[in-house]
Amino acid sequence: MKVFLKTLYGKISAIFLILLLILGSVQIFVSVTSSVNYVCEASQKLHYSVAENLARKFQNVIHDSLEFSQLQEEFAELLMLNPRAEVYLLDHHGAVLKAFNDSHTLKRNQVNLTPVMRFLDEDSYKSFPIKGDDPISDSRKKVFSAAELILPNGMPGYIYVILPSARFELASDGILNSYILSTSAFALSVTLIFAIIIGLVLFFLLTKRLHAMTGAVKNFELGKYDMRIDIGSEDEVGELGRAFNNMADTIEQYVSALEKNDHLRRELIANVSHDLRSPLASIQGYLETILMKNEVLSSSERKNFLELSLKNVINLNKLVHELFELSKLDARQTEPEMEPFSIAELIQDVVLKFQPESERRKIHLITRLPVNLPFVRGDIGMIERVLSNLIENALHFTPKEGRITIGLERIDKNIRISVSDTGEGIPEEDLPHIFDRFYRVEKSRSRNSGGSGLGLAIACKMVRLHKSELQVSSRLRSGSTFSFSLPTHQMEMEYASQD
Ligand code: ADP
């Protein structure tokens, strides 16, 4: 029971039952009181002239002295009609001069005359039932009939008849069991029972949804992040369910982002340690060989080992540098320093840098730069880094006699920069991943052949800092095109003036 009362359903049901009990009691009290009052009123109206008749008869026999023996006959008649009627003769102060029904002992000798005066008032009918003091009780009040007469001393007196309809007698007479009362009590009980059953069922249905919600929240707490609540109807409980579902969506997104980040972090550590270990192991191997076989090694062999070691050190240095660059970009420590510059000139400079390499590899490095292009706005250092990476990759993946074309194109208020090659291309399934750090299409490609898998990740982040996206389109054995856009200087100026 205690446990039941601790539940919301238990509490609501208990409060509901208590309320119904109070309401029922009030209803019964009001019905009984009004029934009793109604009977009292009816009795008083019915017996309104009893006292008046008696007073008339009394007046005829009262002359010089109070001679009550002659009244016994009238009194016996009244008692026959109304055996419980009690008749009193009062003086003008309300003092009881005579009690005609001596089966009771008097508890008070004085009756308050105010209700008697009200009864005798012309309009008294309207305020029935009027209750007056009952001389055989200390405190009880009863309905009565009263009439005025003149006593032998010339002073007014009153015939005061207590009627047998007072509340206590009515109760003992079984008025509470009267037809009307028992019918209304029955109707009330049926209504209450119905209200209780319907109320309990409704509360159960209402709290059932809350139970389902609690279950969902508990499951969510245990890690079932896909748990959602069936909203059902659009009431407050439904609203709560919707709010929970929205919250669950957000948490699920955060959790999956955290899991993804954690996965990336582990992968990063694994990749970094792998990429550091292999060149370090090679360097260690070459140096140990030189030390151990110093005497037997020819000078060209020694030079070869040293050159290989140096190449590994350069690659290591590049890897560490790129990692540092990427972590700074991740931590948003690198902010682009925006300035206007000629993108065509920058491309020419970068192409010049790669000219010897392209000639060595017999690859045609072509530029398609329209004249009179406006300046773009961006961080020159970053854009140069992006272009270098794209051209370096293109050179790496394009065979002899292939072509690398660097083009510029004006699109609205932007300039699109593209680097296309006629190289081996990228398989479709790898395209979505090539901007991920450490991702290489050729998994076996080692540091020795160059390429840490970080170049495109860095380029992509740098382009994003310029509010653009690095895009790629590629066909296997046909070539690839990487492109991004930069805003023209005028457009930036227009934006600035609008602000
Ligand atoms: P890496 O430094 O290893 O080249 P990147 O991040 O620059 O790393 O490139 C990721 C991968 O994308 C490369 O390993 C390569 O497989 C593929 N890739 C990039 N550019 C090209 C290209 N122009 N042609 C073919 N594949 C490319």
Side-chain angles (χ1 to χ4, degrees), residues 264 267-268 270-279 311-330 347 350-351 353-354 357-358 361-368 382-407 416-465 469-484:
L264 278 178
E267 215 175 57
L268 184 78
N271 283 324
V272 169
S273 17
H274 175 263
D275 279 28
L276 286 175
R277 209 172 41 220
S278 11
K311 195 180 166 199
N312 272 303
V313 169
I314 291 170
N315 281 342
L316 261 182
N317 198 21
K318 192 180 165 213
L319 172 69
V320 172
H321 177 75
E322 282 181 343
L323 272 173
F324 185 58
E325 221 177 351
L326 198 64
S327 73
K328 275 204 306 186
L329 283 166
D330 275 343
I347 288 173
V350 178
V351 165
K353 193 172 76 180
F354 284 99
E357 169 97 22
S358 68
R361 288 178 179 247
K362 298 200 171 19
I363 295 169
H364 305 282
L365 208 50
I366 305 158
T367 51
R368 291 229 165 88
M382 285 192 188
I383 301 303
E384 192 203 334
R385 174 85 177 72
V386 173
L387 285 171
S388 299
N389 181 261
L390 296 179
I391 296 172
E392 203 181 317
N393 277 348
L395 278 171
H396 205 99
F397 295 102
T398 306
K400 249 187 202 171
E401 300 306 327
R403 263 178 295 117
I404 298 174
T405 313
I406 300 122
R416 182 170 170 270
I417 301 123
S418 60
V419 178
S420 311
D421 63 56
T422 55
E424 57 190 62
I426 305 165
E428 216 177 310
E429 64 271 20
D430 291 303
L431 275 178
H433 306 291
I434 57 164
F435 298 117
D436 295 348
R437 55 193 72 186
F438 289 110
Y439 192 86
R440 297 168 190 133
V441 173
E442 248 180 284
K443 304 285 182 289
S444 57
R445 198 151 76 103
S446 71
R447 286 287 316 161
N448 290 336
S449 61
S452 59
L454 291 174
L456 281 182
I458 293 173
C460 181
K461 281 195 182 287
M462 286 181 166
V463 170
R464 274 194 191 147
L465 283 176
E469 281 297 325
L470 188 55
Q471 288 170 333
V472 59
S473 61
S474 184
R475 272 179 61 197
L476 223 47
R477 286 176 290 281
S478 293
S480 316
T481 300
F482 287 84
S483 64
F484 62 97

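Whatever order the structure lists ligands and atoms in, that order sets their numbers, starting from 1. Computed from heavy atoms alone, side chains included, the values below leave out hydrogens, waters and symmetry copies.
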**Message:** So for ligand 1, is G453 a polar contact partner (N or O within less than 3.5 Å, distance only)?
**Reply:** yes
**Item:** Parallel, tilted or perpendicular: ring planes of F435 versus F482, cut at 30 and 60 degrees
**Value:** perpendicular
**Asked** Between E424 and ligand 1, does any nitrogen or oxygen pair lie at a separation below 3.5 Å?
**Response** no
**The one among F438, F482, F397, Y439 that brings a heavy atom closest to atom 11 (C) of ligand 1** = Y439
**Request:** Run through I391, I406, L387 and flag the one making a side chain to side chain contact (heavy atoms under 4.5 Å, CB included) with F354.
**Result:** I391
**Prompt:** Below 4.0 angstrom, N of the basic side chain to O of the carboxylate: do R385 and E322 qualify?
**Reply:** yes
**Message:** Show me which atoms of ligand 1 lie under 4.0 Å from any heavy atom of V441.
**Reply:** 14 (O), 16 (O), 17 (C)
**Request:** Using a 4.0 Å heavy-atom threshold (strictly under), name the region of D421 that reaches ligand 1: side chain, backbone, both or neither.
**Result:** side chain
**Asked** Would you say G423 contacts ligand 1, with heavy atoms under 4.0 Å as the rule?
**Response** no
**Request:** Would you confirm whether T405, through its side chain, and I366, through its main-chain N or O, come within 3.5 Å as a donor-acceptor pair?
**Result:** no
**Request:** Decide, yes or no, whether a salt bridge links D421 with R361 under the criterion of side-chain N to carboxylate O below 4.0 Å.
**Result:** no
**Request:** Using distance alone, decide if ligand 1 has a nitrogen or oxygen within less than 3.5 Å of any nitrogen or oxygen in R440.
**Result:** no
**Request:** Taking only Lys NZ, Arg NE, NH1 and NH2, and the carboxylate oxygens of Asp or Glu, determine whether R464 and E469 approach each other closer than 4.0 Å.
**Result:** yes
**Asked** By number and element, which atoms of ligand 1 are closer than 4.0 Å to a non-hydrogen atom of S480?
**Response** 24 (N)
**Asked** Relative to atom 6 (O) of ligand 1, which among T398, L456, N389, L395 owns the nearest non-hydrogen atom?
**Response** L456
**Prompt:** Is the closest side-chain heavy-atom distance between L390 and V386 below 4.5 Å?
**Reply:** yes
**Complete:** ligand 1 to I426, heavy atom cutoff 4.0 Å, flagged ligand atoms 25 (C), 26 (N), 27 (C)
